[in-house]
*Asks:* 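The structure follows.
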Amino acid sequence: MDLLALADFNLVARHGGFGRAARAADRPKATLSRRVADLEASLGVRLFERGSHALKLTQEGLALFERTERLLTELGEAATAIASGGETPRGKLRISAPLLFSQIALGKLSAEFVLRYPEVRLEITTEDRPVDMVEEGYDLVIRVNPDPNEHLIGRVLLRDRLVAVASPDLQRPVADAPVPAVVRASSNQSGWDLRTHEGDVRVSIDPILRLASLIMIRDAVRTGIGAAMLPLSLVASDLHAGALVHWGDGKGPPIEIWALYPSRRLLSSRVSAFLEFLKEAFPLGQPEELAAYIKG
């Protein structure tokens, strides 16, 4: 298989179209189209459905994209590391990360990273809003379920999922009776769609308490005041200890934590080192690995 054609296919799939991919990579649109067509011919399958106004991955195209995106990203990172000639990471490294991930893990991780690379001056700011990496001077951003961005590339660090949990003393939902719930301040949910051992169920909720952060919600649920939907990583230790019980898994999309960086710029040795460090910390990308950083 032609790796260059495969890389061009991933570029087009990631950006959702030949035009956007061409602009992001500063490459001719015709070249990308020809490379993808050659790849389709060599595989004997169609990878994209080409409509008059939209481009959509076929089932085969989606399978190929999911299986090769991370491999190509890691190949690129390995090539960058080799090209740097083994340069020792040094200098300022600015990172933007979401609040919950920062509170759970980045205090310990950042200290361990600086101990390993004492010539790096690491600065991490915490915010959940999208940031402009170039305008605001960030080298790397960590985001939860980021929207597609034609100017950024990256890889998934962790996958998590929402689970419904409550104190063992709280009565489980019966029929259509709403259960007391602790929710995000911005939530307007009237119920939860859950996947349980008995099948899919709809749980009606009565939001008796609205709080701004997921850690506050977890702490409130521990008192027995109500149930909540929370990331598995945040409540895994409570479930294991029996302080909370599991009512079911949320049926929504998974939670994905991504590391993103500009696609038009070679990675510095310090960014490559931090990415590799995160990969060491979360080798499987599972919620239990993040849960290990949570204390109390």
Side-chain angles (χ1 to χ4, degrees), residues 3 7 10-11 14-15 24-26 68-160 233 255-286 289-290 292-294:
L3 283 179
N10 271 263
L11 179 69
R14 185 167 57 247
H15 293 294
D26 196 20
T68 60
E69 182 188 25
R70 182 165 183 171
L71 291 174
L72 287 173
T73 299
E74 292 182 355
L75 281 173
E77 291 170 0
T80 300
I82 292 171
S84 69
E87 176 189 352
T88 300
R90 58 171 56 86
K92 189 172 184 179
L93 175 59
R94 293 195 73 226
I95 297 173
S96 171
L99 177 63
L100 183 61
F101 183 67
S102 299
Q103 291 175 327
I104 291 174
L106 281 183
K108 181 179 179 181
L109 284 173
S110 61
E112 291 175 345
F113 179 78
V114 171
L115 286 173
R116 183 181 297 185
Y117 301 105
E119 295 185 55
V120 174
R121 295 296 176 259
L122 179 59
E123 175 186 317
I124 297 178
T125 62
T126 298
E127 47 203 334
D128 291 322
R129 68 175 179 87
V131 299
D132 188 316
M133 291 190 63
V134 176
E135 291 294 326
E136 299 181 51
Y138 288 107
D139 300 290
L140 182 75
V141 296
I142 299 171
R143 284 292 171 264
V144 178
N145 291 354
D147 293 329
N149 187 317
E150 66 183 38
H151 301 296
L152 300 178
I153 60 174
R155 71 181 189 201
V156 178
L157 298 175
L158 287 159
R159 288 183 171 86
D160 208 340
S233 60
I255 302 168
E256 294 185 339
I257 301 177
W258 283 71
L260 303 167
Y261 42 89
S263 60
R264 293 186 181 182
R265 186 174 63 187
L266 287 175
L267 291 179
S268 67
S269 60
R270 54 189 179 275
V271 173
S272 295
F274 194 81
L275 287 170
E276 187 60 30
F277 185 78
L278 290 175
K279 184 179 176 182
E280 290 178 15
F282 310 112
L284 301 178
Q286 296 300 309
E289 293 173 321
L290 182 57
Y293 286 85
I294 301 174

*Asks:* Quick check: does any side chain N or O of R94 sit under 3.5 Å from a backbone N or O of E136, one acting as donor and the other as acceptor?
*Replies:*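 Indeed, once roles are kept as given, a pair shorter than 3.5 Å links the two residues.
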*Asks:* Which distance, rounded to the nearest 0.5 Å, do you find between the CD of E112 and the OH of Y117?
*Replies:*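 Going from the CD atom of E112 to the OH atom of Y117 covers 12.5 Å.
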*Asks:* Are S269 and T88 side-chain neighbours, meaning at least one heavy-atom pair lies under 4.5 Å?
*Replies:*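 No - every pair of side-chain heavy atoms lies 4.5 Å or more apart.
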*Asks:* Distance from L71 atom CG to L3 atom CG, nearest 0.5 Å?
*Replies:*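 The distance works out to 10.0 Å.
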*Asks:* May I ask you to test the I257-D160 pair for a side-chain heavy-atom distance under 4.5 Å?
*Replies:* no
*Asks:* Tell me whether N145 contacts the main-chain N or O of E256 through its side chain, where contact means a donor paired with an acceptor under 3.5 Å.
*Replies:*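 Such a contact is found between N145 side chain and E256 backbone.
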*Asks:* From K92 NZ over to L122 CG, what is the distance, rounded to the nearest 0.5 angstrom?
*Replies:* 10.5 Å
*Asks:* Kindly compute the distance separating CD1 (I95) from CG (L140), expressed to the nearest 0.5 Å.
*Replies:*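 Between atom CD1 of I95 and atom CG of L140 there are 5.0 Å.
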*Asks:* Can you see which heavy atom on L275 is nearest to which on Y261, and at what distance?
*Replies:*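 Nearest heavy atoms, L275 then Y261: CD1-CE2, 3.7 Å.
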*Asks:* Name the orientation class of the two ring planes belonging to F277 and F113 (parallel below 30°, tilted from 30 to 60°, perpendicular beyond 60°).
*Replies:* perpendicular
*Asks:* Check E276 with R116, please: is the shortest side-chain N to carboxylate O separation under 4.0 Å?
*Replies:* no
*Asks:* Report yes if the side chains of F274 and V120 come closer than 4.5 Å at any heavy-atom pair, otherwise no.
*Replies:* no
*Asks:* For the residue pair Y293 and L109, establish whether any side-chain heavy-atom pair is separated by less than 4.5 Å.
*Replies:* yes
*Asks:* Main chain of R90, side chain of R270: is a donor-acceptor contact present, judged purely on distance under 3.5 Å?
*Replies:*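 Yes, the answer is positive, given that a donor and an acceptor are paired below the 3.5 Å cut-off.
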*Asks:* Look up atom CD in E289 and atom CG in L284, then write down how far apart they are to the nearest 0.5 Å.
*Replies:*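 With rounding to 0.5 Å, CD (E289) is 4.5 Å from CG (L284).
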*Asks:* Just how far is it from atom CG of L72 to atom CD1 of I153, taken to the nearest 0.5 Å?
*Replies:* 10.5 Å
*Asks:* Is the closest side-chain donor-acceptor distance between R143 and S96 under 3.5 Å?
*Replies:*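 A donor-acceptor contact under 3.5 Å links the two side chains.
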*Asks:* May I ask you to test the P146-L260 pair for a side-chain heavy-atom distance under 4.5 Å?
*Replies:*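 Result yes, sub-4.5 Å side-chain heavy-atom pair found.
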